[in-house]
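In this chain, numbering begins with 1 at the start of the sequence shown.
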Amino acid sequence: MLKDVLGSNSVPKSTYAAQIVACRNQLYDLQVQARDAGLPFIVLLEGWDAAGKGTTVRALTRQLDPRGFKLHPIRAARTYEKNMPWLWRFWRRIPSRGELAIFDHSWYGRVLVERVEGLAVERQWRRAYEDILSFEEALLNDGYAIFKFFLHIHKKEQRRRFRKLMTDPLTSWQVTRDDWDHHRKYDEYYAATEEMLMRTHTARSPWHLVDATDARYRSLEVFRTVISGLEARLNPQANGPTASGTSALTVATPAAAPAPGHRRLPASAADISLLGDPTHSLTREQYDQELLEHQVALRLLAHQAYLQRRPVVIVFEGWDAAGKGGTIKRLTERLDPRGYVVHAIGKPLGEDATRHYLWRFWARLPELGQIAIFDRSWYGRVLVERVEGFCSESDWRRAYHEIVQFEQQLQDFGAILLKFWMNISQDEQLRRFEDRSTDGMKHWKLTDEDWRNRGKWDDYEHAVRDMIRETSTAAAPWTVVDGNFKWYARVKVLRTVRERLSEALDFEPSFKRPAAGSKSGHDQKDSGRRAKVSRGGDQ
């Protein structure tokens, strides 16, 4: 592929001077149209050192409105970026609706520089291909336009440019020891690039291979390709031809197979009908005893997660008034507040509403050794957004795969992921709604939207069953909790978190269990409250 790119491609200076002005004007007009149409687009430049990426960026941006684009020069991940999943820093940089993001190097560094230089082990860079395809597909499905360029020059031409830069004191700093080291490994990088192009070229996100030997020819080809692609997106009737000097690959990329451990669970795993089991109740004494024991164990496990640098993600979904808030309170009650954060997820606002729906969740992921708890989550796409019609059917159906891929990437990074569906019956929900409406301390929790959602119970139940069936995997199963009995529900969640963390961390917390009947000051206060043992009260 690369061998077919280089040729006698050149543009006379006089021709370039006339054409580049027209290209800049066209691109500026298209930038304005993209902004008005809310079209986000990405221009990605990969290529050899000294192939002209920097000068190409300057040519592209010279006449653009600087308020509408952001340039991201990508180098080795910084320390704080290494504390997150590897795609995190790229998700954080995707453009808002109507904006342009230019990447000088990109996520392809994992399968090029990190591969050749041994900064990523083989398992990581091979796995990265599936991550990259999923990432780009998610953006394309959300309406993004992506233009990927590889600027190609011969090894001899690269050496000539390095030497020329080094002879000038004003440019010699641009050629580093790493650049020369990469030059000596030209053949290794060549082979890695060939594989990258073969495996990540798709019909919707093709690579454009540009002969970068002649600077004027290179700039015009990049301009023409971006202009043609934007015109096709903004005006579908205008199907511009592929730029004449751009090599289009024809290799089809097969869909990546799911990683081991991420298979879907059988449909029986989606059973949410078992409610009101009389065994799902606890006495006050049992509740106090188990709650305290699990809370102390979780504090020790959270410290162990910190020591092992394992991030923990806990997701809570469930019916309105199912007890998510009360359960989260008991879950975090004895944890070190410096080690966890709770994200209460509502309607996307501000920047959250201007990007792909997963963007705000990538932005809220925990660092190594930290715990993130989500009170509602990315599953809103297949629940609220589906039932209320806030997204199209194709959007929420596609989201099942996107969510599974997202969670798989978290676990590949080492995250421990737990997902809980807090389930209650319609009758119990009505009872809690009525209690809230008359309780001066809780009436703020009850909104008109809660009553409206209750009217769509059957639709939501159908969506919940689909969600659990489609997104419960062997590595990230859903735990359905009978929430009709609050004490039981809280203890089950804490017990499940404890068991899962103990298994994942290979650590069993050891501590002296409190004697039966003994209570801390907190427990003494709780035990004085009046509550129905059968339901666990409304704390």
Quiz item: Any ion pair linking Arg498 and Glu293 (charged N to carboxylate O, less than 4.0 Å)?
Solution: yes

Self-check item: Centroid-centroid under 6.0 Å between Tyr357 and Trp378 rings
Solution: no

Quiz prompt | Other residues, nucleotides, ligands: >12 heavy atoms within 6.0 Å of His72 NE2 | solution = yes

Practice problem: State plainly whether the residues Arg364 and Asp352 are in salt-bridge range, i.e. N to O under 4.0 Å. | Solution: yes

Quiz prompt | Salt bridge flag under 4.0 Å for residues Arg204 and Glu137 | solution = yes

Quiz item: Is a salt bridge present between Glu46 and Lys148, judged by a nitrogen-to-oxygen distance below 4.0 Å?
Solution: no

Practice problem: Drop me the distance from Leu417's CG to Arg500's CZ, to the nearest 0.5 angstrom. | Solution: 7.5 Å

Quiz item: Roughly how far, to the nearest 0.5 Å, is CD of Glu407 from OG1 of Thr473?
Solution: 6.5 Å

Quiz prompt | Ionic contact status for Arg376 with Asp320, cut-off 4.0 Å | solution = yes

Self-check item: Cationic tip of Arg115 above Trp125 ring, under 6.0 Å, 45° of axis
Solution: yes

Self-check item: Carboxylate-amine/guanidinium contact Arg469 Asp466, below 4.0 Å
Solution: yes

Quiz item: Within a radius of less than 6.0 Å around OH of Tyr306, do more than 12 heavy atoms belonging to other residues, nucleotides or ligands occur?
Solution: no

Self-check item: Distance-only donor-acceptor check, side chains Glu114 and Gln124, under 3.5 Å
Solution: no

Quiz item: From Thr332 OG1 over to Ile371 CD1, what is the distance, rounded to the nearest 0.5 angstrom?
Solution: 10.0 Å

Self-check item: Smallest separation among heavy atoms of Thr200 and Glu136, with atom names
Solution: O-OE1, 4.5 Å

Quiz item: Do other residues, nucleotides or ligands put more than 12 heavy atoms under 6.0 Å from Glu503 CD?
Solution: no

Quiz item: Would Phe413 and Trp88 count as a close aromatic pair, with their ring centres under 6.0 Å?
Solution: no

Quiz item: Which pair of non-hydrogen atoms, one from Glu195 and one from Tyr129, has the smallest distance, and what is that distance?
Solution: CG-OH, 3.6 Å

Exercise. Please name all residues satisfying side-chain contact (heavy atoms from CB on, under 4.5 Å) with Lys185, sequence neighbours left out, ordered by chain then number.
Key: Val116, Glu117, Asp181, Glu188, Tyr189

Exercise. Can you measure from CD1 (Ile314) to OG (Ser377) and round to the nearest 0.5 angstrom?
Key: 12.5 Å

Practice problem: Write down the atom of Ile94, the atom of Arg355, and the distance for their closest heavy-atom approach. | Solution: O-NE, 3.0 Å

Quiz prompt | Aromatic ring proximity Trp319/Trp421, centre distance under 6.0 Å | solution = yes

Quiz item: So, Arg126 and Asp131, do they make that salt bridge, N to O below 4.0 Å?
Solution: no

Quiz item: Do His183 and Trp48 have their ring centres less than 6.0 Å from each other?
Solution: no

Practice problem: Tell me, yes or no, whether the heavy-atom count around Arg67 atom CZ, taken from other residues, nucleotides or ligands under 6.0 Å, exceeds 12. | Solution: no

Quiz prompt | Closest non-hydrogen atom pair between Arg360 and Ile345, with its separation | solution = NH1-CG2, 3.6 Å

Practice problem: Compute the ring centroids of Trp362 and Phe406, then answer whether they are less than 6.0 Å apart. | Solution: yes

Quiz item: Is any NZ, NE, NH1 or NH2 atom of the basic residue among Arg381 and Glu317 found under 4.0 Å from an Asp or Glu carboxylate oxygen of the other?
Solution: no

Quiz item: Quick one: are the ring centres of Tyr108 and Trp207 less than 6.0 Å apart?
Solution: yes

Quiz item: Is Lys329 salt-bridged to Glu333, going by a charged N under 4.0 Å from an acidic O?
Solution: no

